[in-house]
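Accompanying notes for the structure given below.
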Amino acid sequence: MRVLDRVLAVLLAALLLVAGALTVLEVAWAAIGKRGQLLAPYETWADYLRTHTWSSGPVVAGCVVVALVGLVLLLEELKPRRPGLLAVHSDDETLTVGLARRSLSRGLATAAADVDGISEASAIIGKRRAAVTAVSALRDVTGLQQHVQAQMQAWIDGLNLVSPPRLTVTVKQKEH
Amino acid sequence: MADSTSALPAVDRFPGATRRNRWTLSLLGILLLAAGGAGAALGLGAFGARNKARTVIDTSVQDVADRWWFWVAVAALGLLIALFALTWLRVQLRSNRLGSFDLEVDRSRGETTLASSAVTDAVSDEVAAYSGVRQATARMSGSPDAPTLNVTATLDGRRPTGELADRIVGAAVAHARQALDMPQLATRVELRLASRRRRNVR
């Protein structure tokens, strides 16, 4: 969201800068007695708005689109940002250690795929939960779920997180 | 510290821009919602059938537009918008990176500053050399009299994450604090796990 905000900010700021400067130039152009427009076809826009009522389809549709864009923008900005780091235990008050949440799912998947009997794995990190889905090529997967669960729990415990996510492991048998 | 909270915001190199973007885009959202909503309500007859049937630019609007001050106000508004946009763009370039910082806290004893790269290069080189670390970067942020050391390490999964966190804190960060004689230097360590495990060749 921060990156999206940044891209939007640069685009909108550039647009506003051009629009603001153009407005000043157009007014100055008219003020010195020049006829017609300099760059922006504002006379064409004004003519359109002089011939269309507030209830005409294009005007209502345009207003609805503007309102919807505003609503989406507002809701996105008001949405609480998910913290990017999971805190790691530290005894030092001047020290903050965090693990990137997004990379944790990659790390979990890689670690799960390394467990004996597992050929591939994926992981999803939620707010307080981590879900690992592991695929095994073994014909008999009896007890494998418990084994993977224990291995992954030990792996998560080794991260030393302040609030480790609650782990759920699902083992699926690869279709032969 | 970290024990009081289970989650932390990710390191932000442009905190000023992040704040400014958020409130400016929120404000813009409110303005668009209000303007678009009012226009749509007018068009749908919420303010009476007479208003609904008016053209968007009617004689009353044209009368105002014909006054001399109207275009002066429009130009002034355009100028304000352009200036606002210019400052908004400039904020995007302002990072919190610290080029140098004060080594001497007591100004009466003179002023000694140190280039941040002298510390950050040493820290990132040390951390990058650890087995299990694929890549490391370090930078100083904050103010010259209250700097913060930021270390980011990408781990390749060959070593336990907790062990590497302890090593970064206990060795690289401790060495930097010792070298600077700043045992209380605020430090932030961000660990990232690499997507693929690199084969152990070290």
Taking atom CG as the centre, does A:D116 end up with more than 12 heavy-atom neighbours from other residues, nucleotides or ligands that are less than 6.0 angstrom away?
no
Residues B:G29 and A:L73: closest non-hydrogen pair is N-CD2, 3.9 Å
In terms of heavy-atom pairs under 4.5 Å with chain B, the winner among A:L99, A:T23, A:V60 is A:L99
Please indicate whether B:L83 has more than 12 foreign heavy atoms, meaning atoms of other residues, nucleotides or ligands, lying under 6.0 Å from its CG.
yes
When rounded to the nearest 0.5 angstrom, what distance separates CG in B:L25 from CG in A:L12?
6.5 Å
Contact between A:L85 and B:R188 at the side-chain level, heavy atoms closer than 4.5 Å - yes or no?
yes
Measure across A:A21 and B:A82 and return the closest heavy-atom pair with its distance rounded to 0.1 Å.
N-CB, 3.9 Å
Looking only at side chains, do B:R177 and A:T94 share a donor and an acceptor under 3.5 Å apart?
yes
Atom pair CD1 (B:I57) and OG1 (A:T51), whose distance is rounded to the nearest 0.5 Å:
9.5 Å
Among A:A30, A:G70, A:A113, A:A100, which has the most heavy-atom pairs under 4.5 Å with chain B?
A:G70
Portion of B:R90 that has a non-hydrogen atom of chain A nearer than 4.5 angstrom
neither
Mind ranking A:V64, A:L68, A:V65, A:L74 by heavy-atom pairs under 4.5 Å with chain B and telling me who comes out on top?
A:L74
Taking all atoms of both residues into account, what is the closest heavy-atom pair of B:L89 and A:V10, and its distance?
CD2-O, 3.9 Å
So which heavy atom on A:W54 is nearest to which on B:T55, and how close?
NE1-O, 3.9 Å
Interface moiety of A:V66 toward chain B, non-hydrogen atoms closer than 4.5 Å
both
One option among B:L42, B:I81, B:L28 has the most heavy-atom pairs under 4.5 Å with chain A, and it is B:L42
Quick one: closest heavy-atom pair of B:L193 and A:L104, and the distance?
CD1-CA, 3.9 Å
Side chain to side chain contact (heavy atoms under 4.5 Å, CB included) evaluation trace for B:W88 with A:L16
CA-CA 10 Å; B:W88 196 13; A:L16 288 175; 4.2 Å; yes
Best-contacting candidate, B:A17, B:A165, B:G162, against chain A by heavy atom pairs under 4.5 angstrom
B:G162
Pick one of side chain, backbone, both or neither for B:A53, based on which atoms fall under 4.5 Å of a heavy atom in chain A.
backbone
If you count the non-hydrogen atoms of other residues, nucleotides and ligands that lie under 6.0 Å from CD in B:Q178, is the total more than 12?
no
Near A:R129 CZ, under 6.0 Å, is it more than 12 heavy atoms from other residues, nucleotides or ligands?
no
Interatomic distance, A:L159 atom CG to B:T161 atom OG1 [nearest 0.5 angstrom]
4.5 Å
Segment of A:L22 engaging chain B (4.5 angstrom heavy-atom cut-off)
neither
Does any backbone or side-chain atom of B:S26 lie under 4.5 Å from a heavy atom of chain A? Answer side chain, backbone, both or neither.
both
Leading residue by heavy atom contact count with chain B [cutoff under 4.5 Å; candidates A:G158, A:S105, A:A67]:
A:A67
Heavy-atom count check: over 12 atoms from other residues, nucleotides or ligands less than 6.0 Å from B:D63 CG?
yes
Working note: B:R192 + A:R102, criterion side chain to side chain contact (heavy atoms under 4.5 Å, CB included); need CA distance, chi angles, decisive distance, verdict.
CA-CA 8 Å; B:R192 295 175 186 166; A:R102 204 176 283 179; over 6 Å; no
Report yes if the side chains of B:K52 and A:T53 come closer than 4.5 Å at any heavy-atom pair, otherwise no.
no
Output for pair (A:S90 OG, B:D166 CG), nearest 0.5 Å, gives 9.0 Å
Heavy-atom distances under 4.5 Å only: say whether A:A109 touches chain B with side chain, backbone, both or neither.
neither
Measuring only between side-chain heavy atoms, which start at C-beta, is B:W23 closer than 4.5 Å to A:E77?
no
Which residue out of A:S163, A:G98, A:P164 racks up the most heavy-atom pairs below 4.5 Å with chain B?
A:G98
Whatever's closer than 4.5 Å to a heavy atom in chain A on B:L149 counts as neither
Working to the nearest 0.5 Å, report the span between CG of B:D58 and CG of A:L49.
11.0 Å
Which atom names give the shortest non-hydrogen contact between A:R81 and B:R22, and what distance separates them?
NH2-NE, 3.2 Å
Any chance you could measure B:T24, atom OG1, to A:D5, atom CG, to the nearest 0.5 Å?
10.0 Å
